[in-house]
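Just so you know, ligand 1 is whichever comes first in the structure, and atom 1 is the first atom listed for that ligand.
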Amino acid sequence: MDKILIHGGHPLSGSIKVSGSKNSSLPILAATLLTREPCIVHRVPDLSDTHYMLQILIHLGAQVERASGTVTVAAENVQSVAPYDVVRKMRASVCVLGPLLGRCKEATVSMPGGCVIGDRPIDLHLKGFEALGAAVRVEGGNIKVFAPKLTGAVINLRGKFGPTVLGTDNVMMAAVLAEGTTVIEGAAQEPEVVDLANFLTKMGAKIEGAGTRRMIIEGVRQLHGVEHDIIPDRIEAGTFLVAGAIAGKEVTIKRVNPEHVRAITDALARCGLPIDVKDDAISILPNGDASALELTTEPYPGFPTDMQAQMCALLSTTDGISVITENIFPQRYMHVAELKRMGAHVDLEGATAVIQGVDHLFGAPVMASDLRASAALVLAGLKADGITEVSRVYHIDRGYERLDEKLGELGAQIERVKEA
Ligand code: EPZ
């Protein structure tokens, strides 16, 4: 296993290009199962999560070719069973259920494991499938869905923590080949859901209301192959903006959609950090006197839970008392214990973190636990006095393309070493 060493205190400057979105790539790669014809997807980031998804598609019988960021998938003949040893590596594998149900009218997929950010139920996914006429059974750790035919229905996908992103994706991918009209109330509005809807529409699906809480899907008989560019990764963009906020002189993020990161740039501006937006580039120009902040994570277009850990790192070194409330995954605070090892003052009260900013963080050996918590520890290391050693960086490689190299290109003193 690799680890990343960061020598703190070196200012960042310059620009980086944002990669294609991980959370858009995964459902769109799954959606290629909905047609026998080849689909060509550009700007698929080179991550272990996208690698796992391609392995699953191959296991299901698709022909897959990858040439740098372009992936071609031809799912001429597919089988509908995705076993534990492929699914267990990535819980987002659950998003092959919808396309397999749509294409094959049946699917068997291993139950996704939980993960450190909290329980990851899929009850809303299954509720959507049942509303479309599927029988759902959970046996031997597998989810089995089966439908002689799929019939459009009115489905409310809102859960107690709000809309479900992959649940909306899954139900959408089954409904596009159902007979009749499906209405999804309480749909997720994330840009990645819209990117999937655009991909399906290009394939011949009939979808209205993508990006709103109410989607209307007119089922069609079949879908055809397409070519598509994945949208930029708004969470990678936000992570680099926070890197600039923590350790930057002037950092510019290129090939980003400013609308998709508005909640993030608004939060940074509320900290008093000057942000400059020009077309598809955003610059952050720290002036050294960022201020404390109250922040609540919400479904899009609110502040994204996937940026909560990174903001925790920034606010740990920002004067004053900040308060973060995590409404999506209330347990998503694995990064706090590690930040405290670096000298941060953070008190957890349920889903709320109260952060007393400190003048200095101190480099220390810390352990990555989940994708975004790991990124937060690297960001904290940029500012900390001394050397921070982040172990188990495979968590980072799941969702960030060359994070350490890109930070190095901005001037960070950062190196990846093999862990003995
Ligand atoms: C997606 O996960 C993202 N992953 C997550 O990003 C992101 O944190 C999350 O959406 C929220 O924005 C991908 O897109 C691959 P949800 P998803 O269903 O779809 C509850 C990252 O770091 N819920 O929107 O699995 C759930 O427990 C990852 O890139 C139910 O109760 O999340 C949570 O509290 C981490 N029942 C809330 O809804 C269900 O059936 C939102 O979850 C489904 C979800």
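Between Arg372 and His335, every side-chain heavy-atom pair lies at or beyond the 4.5 Å cut-off.
Atom 4 (N) of ligand 1 has its nearest heavy-atom neighbour, among Asp123, Asn23, Leu124, in Asn23. One option in Leu157, Asp370, Asp306, Val94 has a heavy atom closer to atom 7 (C) of ligand 1 than any other, and that option is Asp306.
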Which side-chain N or O atoms in residues 126-143 pair as donor and acceptor under 3.5 Å with protein atoms at least two apart or in another chain?
| unit_1 | atom_1 | unit_2 | atom_2 | d |
| --- | --- | --- | --- | --- |
| Lys127 | NZ | Asn156 | O | 2.7 |
| Arg137 | NE | Glu139 | OE1 | 3.0 |

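Residue Arg91 places a heavy atom under 4.0 Å from ligand 1. Ligand 1 is approached by Arg332 to a heavy-atom distance shorter than 4.0 Å. By the 4.0 Å heavy-atom criterion, Glu192 is excluded from the residues contacting ligand 1. At least one heavy atom of Lys22 lies less than 4.0 angstrom from ligand 1. Put simply, part of Pro163 is less than 4.0 Å from ligand 1, judged by heavy atoms. Within the structure, ligand 1 has Pro121 among the residues with a heavy atom less than 4.0 angstrom away.
The line from CZ of Arg398 to NZ of Lys22 is 6.0 Å long, rounded to the nearest 0.5 Å.
Under 4.0 Å from ligand 1, heavy atoms of Leu166 appear from its side chain as well as its backbone. Contacts with ligand 1 closer than 4.0 Å are made by heavy atoms of both the backbone and the side chain of Val165.
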Full working for salt bridge (charged side-chain N to carboxylate O under 4.0 Å, His left out) between Glu192 and Arg234 = CA-CA 9 Å; Glu192 296 77 25; Arg234 62 190 169 102; 2.7 Å; yes
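Ionic pairing of Arg341 and Glu338 is present here: one or more N-O contacts between side-chain nitrogen and carboxylate oxygen are shorter than 4.0 angstrom. For Asp233 and Arg43, the salt-bridge test fails: no basic side-chain N is under 4.0 Å from an acidic carboxylate O.
With sequence neighbours excluded, the residues forming a ring-ring contact (aromatic ring centres under 6.0 Å, His included) with Phe199 are His228, listed by chain and number.
Taking every non-hydrogen atom of Leu371 and a distance limit under 4.0 Å, the qualifying atoms of ligand 1 come out as 22 (O), 29 (O).
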